[in-house]
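Computed from heavy atoms alone, side chains included, the values below leave out hydrogens, waters and symmetry copies.
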Amino acid sequence: MKTDKSFAYWQWRVIICSMIGYSMFYFVRKNFSFAMPALSSEYGITNTSFGIILSLVGIIYGISKLVNGIIADRTNARWHLVTGLSVCVLLNFIFSWSDKLSTLITGDTRGTSFINTMVIIMGILLVLNNVFQGCGAAPCNRLQVHWIPQNELATKASIWNTSHSIGAGIVSVLCGYLIANTGNWRYCFWIPGIIAAVGIFFILITLRDSPSSVGLPELPDTKTEIDDDNSSQAFKAYLRKKVFYNPVIWILALTDLFVYIVRFAILDWGPTFLQQRENPLSPELAGWTIGIFEAAGCLGMIASGWISDHLFNGKAQRVCAIEMGLVALCMIVLHLLSNIASPLLFLTILALAGFFLYGPQVLLGVVAFKQATKKAAASAVGFIGLMSYASVLFTGIGLGWFSDEFGWGNLYILMTGVAVAGGILVSTLWNIKDDGYIHE
């Protein structure tokens with residue numbers, strides 16, 4: 001009884017503290033989206049240039065998620081998080097002086113040479129930032145499969161995944177107000193950077209690694225093929241079998257690609273296209289709109305996790321297929337409302353889209369957790385992350401170029417097709433076996 005009570009305490013402590021810790025990564029990553037309109041206005045940087053940067057850093061982040069996933073399965077989660085966030089905070093502050101660095105290099109404060117150099121500096125700093133952003137989700141994935149039993153995984157992993165939306169939502173609202181009230185894009189990096197710096201010390205003080213690190217037994221019913229052979233060679237063979245050669249993981253990864261195309265179309269370009277539509281929103285309202293999209297996503301993740309565990313007997317892939325169809329329906333309605341003068345109805349449907357979209361975002365990872373087991377869960381989700389962040393090839397330079405040439409008119413029709421494709425793909429996993437553990 002005492003052990004059960006102690007485990008419950010540490011389980012929730014790890015879930016909550018890692019949620020807070022991971023949300024800090026968003027404070028020093030998603031702030032760039034809100035600086036883009038101000039940078040464009042002040043320096044004349046085009047959406048195409050921003051799109052190239054978004055595509056490049058997204059690819060780098062995807063690669064980083066895979067590499068850090070493999071590392072996370074073999075290292076201490078607390079120190080992995082602290083290392084990544086520390087570097088990201090430092091780069092965030094350096095980014096706020098990218099115009100000064102451009103002046104130092106070119107000797108100019110305006111002109112083509114100054115702007116091109118500034119864009120290159122911003123691109124380099126954001127690439128480095130996203131190399132270390134991969135140190136965020138990977139160790140948290142390891143924590144979840146070590147602390148949450150199989151029959152609770154969808155529910156509690158969904159609660160944990162609200163950290164994505166909490167971080168992105170808060171920084172969206174915060175940066176919206178900072179831009180509106182100061183007119184200085186640098187505050188989007190200074191204030192979130194200070195908050196994230198506090199988060200580094202919070203992680204160090206509060207977080208622990210596996211149950212055994214606090215004197216508790218590991219989870220039962222999680223026996224794997226390499227429990228008795230933890231060598232590097234055995235781990236590599238296990239990765240090949242459970243991750244890289246596993247068709248289920250590939251289907252999950254391709255489905256997540258479609259999920260992220262829709263998600264990033266709204267998150268990365270939302271602050272810009274909501275202010276450039278026929279009936280533009282103010283910076284504050286654009287910030288609240290994206291914030292509400294994320295808040296609805298939080299509720300959607302929790303609801304989808306509970307539904308998966310309690311109504312679908314843990315078969316999360318079935319919930320994903322249904323919700324992708326509902327996302328497609330929301331996109332059609334948003335297209336019909338895209339030029340409506342009053343933002344209320346538009347905002348309501350966008351919130352519903354977030355509610356349904358963020359279910360598959362978390363549940364695809366839950367299916368991967370179970371299939372790859374606790375020995376390779378972070379690696380599997382890292383591989384899915386690599387594939388999903390290939391979406392930036394489309395949502396970055398693709399949508400940036402599209403908006404410069406044609407405007408935002410048919411964005412939602414395009415997203416409807418993407419959501420339908422994702423729903424069809426994940427439905428092919430409707431009857432797969434529950435997990436990849438050894439059951440005797």
Side-chain angles (χ1 to χ4, degrees), residues 18-36 50 52-73 75 77-96 98 121-143 160-161 163-172 175 188-189 192-200 202-203 207 256 260 263-264 267-268 294 361 365 378-379 381-393 395-396:
S18 62
M19 284 174 65
I20 295 171
Y22 183 61
S23 69
M24 293 295 101
F25 280 82
Y26 272 69
F27 275 62
V28 286
R29 179 154 64 98
K30 287 302 177 184
N31 49 351
F32 177 63
S33 294
F34 274 86
M36 289 195 311
F50 285 132
I52 293 171
I53 292 175
L54 290 174
S55 292
L56 180 61
V57 300
I59 293 168
I60 294 299
Y61 181 56
I63 295 171
S64 179
K65 288 189 77 171
L66 172 59
V67 173
N68 277 284
I70 296 171
I71 294 171
D73 280 323
T75 56
R78 178 173 59 158
W79 288 106
H80 199 164
L81 279 166
V82 165
T83 300
L85 187 56
S86 298
V87 176
C88 290
V89 167
L90 176 62
L91 291 169
N92 192 75
F93 283 109
I94 296 173
F95 187 96
S96 69
S98 54
I121 291 170
M122 290 191 299
I124 292 171
L125 290 171
L126 287 170
V127 164
L128 291 173
N129 183 52
N130 279 268
V131 166
F132 287 91
Q133 284 284 336
C135 298
C140 292
N141 291 332
R142 168 187 163 83
L143 289 171
W160 181 89
N161 266 270
S163 57
H164 295 263
S165 296
I166 290 169
I170 292 175
V171 79
S172 294
C175 289
C188 290
F189 297 89
I194 291 171
I195 295 171
V198 175
I200 294 169
F202 176 82
I203 294 168
L207 201 60
D256 211 33
Y260 269 71
R263 182 180 179 229
F264 283 162
L267 282 184
D268 284 340
E294 290 286 354
Q361 183 200 341
S379 300
V381 176
F383 176 72
I384 291 172
L386 170 63
M387 189 68 72
S388 64
Y389 273 83
S391 63
V392 298
L393 293 172
T395 61

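The CZ atom of Phe95 sits 10.5 Å away from atom SG of Cys188, with the distance rounded to the nearest 0.5 Å. Here Met24 contributes atom CE and Arg29 contributes atom CZ; the two are 13.5 Å apart, rounded to the nearest 0.5 Å. A distance of 11.0 Å separates CD1 in Ile59 from CG in Asn130, rounded to the nearest 0.5 Å. Note: Trp160 CH2 to Asn141 CG = 6.0 Å, rounded to the nearest 0.5 Å. Atom SG of residue Cys175 and atom CZ of residue Phe27 lie 8.5 Å apart, to the nearest 0.5 angstrom. In this structure, the separation between OH on Tyr22 and CG on Leu85 is 11.0 Å, given to the nearest 0.5 Å.
Taking all atoms of both residues into account, the shortest heavy-atom contact from Pro192 to Asn31 is CB-ND2, 4.4 Å. Nearest heavy atoms, Val57 versus Gly123: CG1-O, 4.5 Å. In plain terms, the two heavy atoms of Phe189 and Ala35 that are nearest each other are CE1-CB, 3.7 Å. The two residues Tyr260 and Ser391 come nearest to each other via the heavy atoms CB-OG, 3.6 Å. Shortest non-hydrogen contact noted between Val87 and Phe132 is CG1-CD1, 3.5 Å. Phe25 and Gly84 make their closest contact through CE2-C, 3.9 Å (heavy atoms, listed as atom of the first residue, atom of the second, distance).
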Check residues 66-73 and write down every donor-acceptor pair under 3.5 Å in which the side-chain atom is one partner and the other belongs to a residue at least two apart or another chain.
unit_1 : atom_1 : unit_2 : atom_2 : d
Asn68  : OD1    : His80  : NE2    : 2.8
Asn68  : ND2    : Ser64  : O      : 2.9
Asn68  : ND2    : Ser64  : OG     : 3.0
Asp73  : OD1    : Ala378 : N      : 3.3
Asp73  : OD2    : Ser379 : N      : 2.8
Asp73  : OD2    : Ser379 : OG     : 2.5

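Annotation: side chain of Leu81 is in contact with side chain of Cys140 (closest heavy-atom distance under 4.5 Å). Residues Phe202 and Val82 are not in side-chain contact: their nearest non-hydrogen atoms beyond the backbone lie 4.5 Å or more apart.
Judged by distance alone, the side chain of Asn129 and the main-chain N or O of Val28 form a donor-acceptor pair under 3.5 Å. Put simply, the side chain of Gln133 never gets that close to the backbone of Cys88: no donor and acceptor are under 3.5 Å apart.
When Leu143, Ile203, Thr83 are each tested for a side chain to side chain contact (heavy atoms under 4.5 Å, CB included) with Arg78, only one passes: Ile203.
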**OP:** Any chance you could lay out the side chain to side chain contact (heavy atoms under 4.5 Å, CB included) test for Asn92 and Phe32, step after step, and finish with the verdict?
**Re:** CA-CA 10 Å; Asn92 192 75; Phe32 177 63; over 6 Å; no
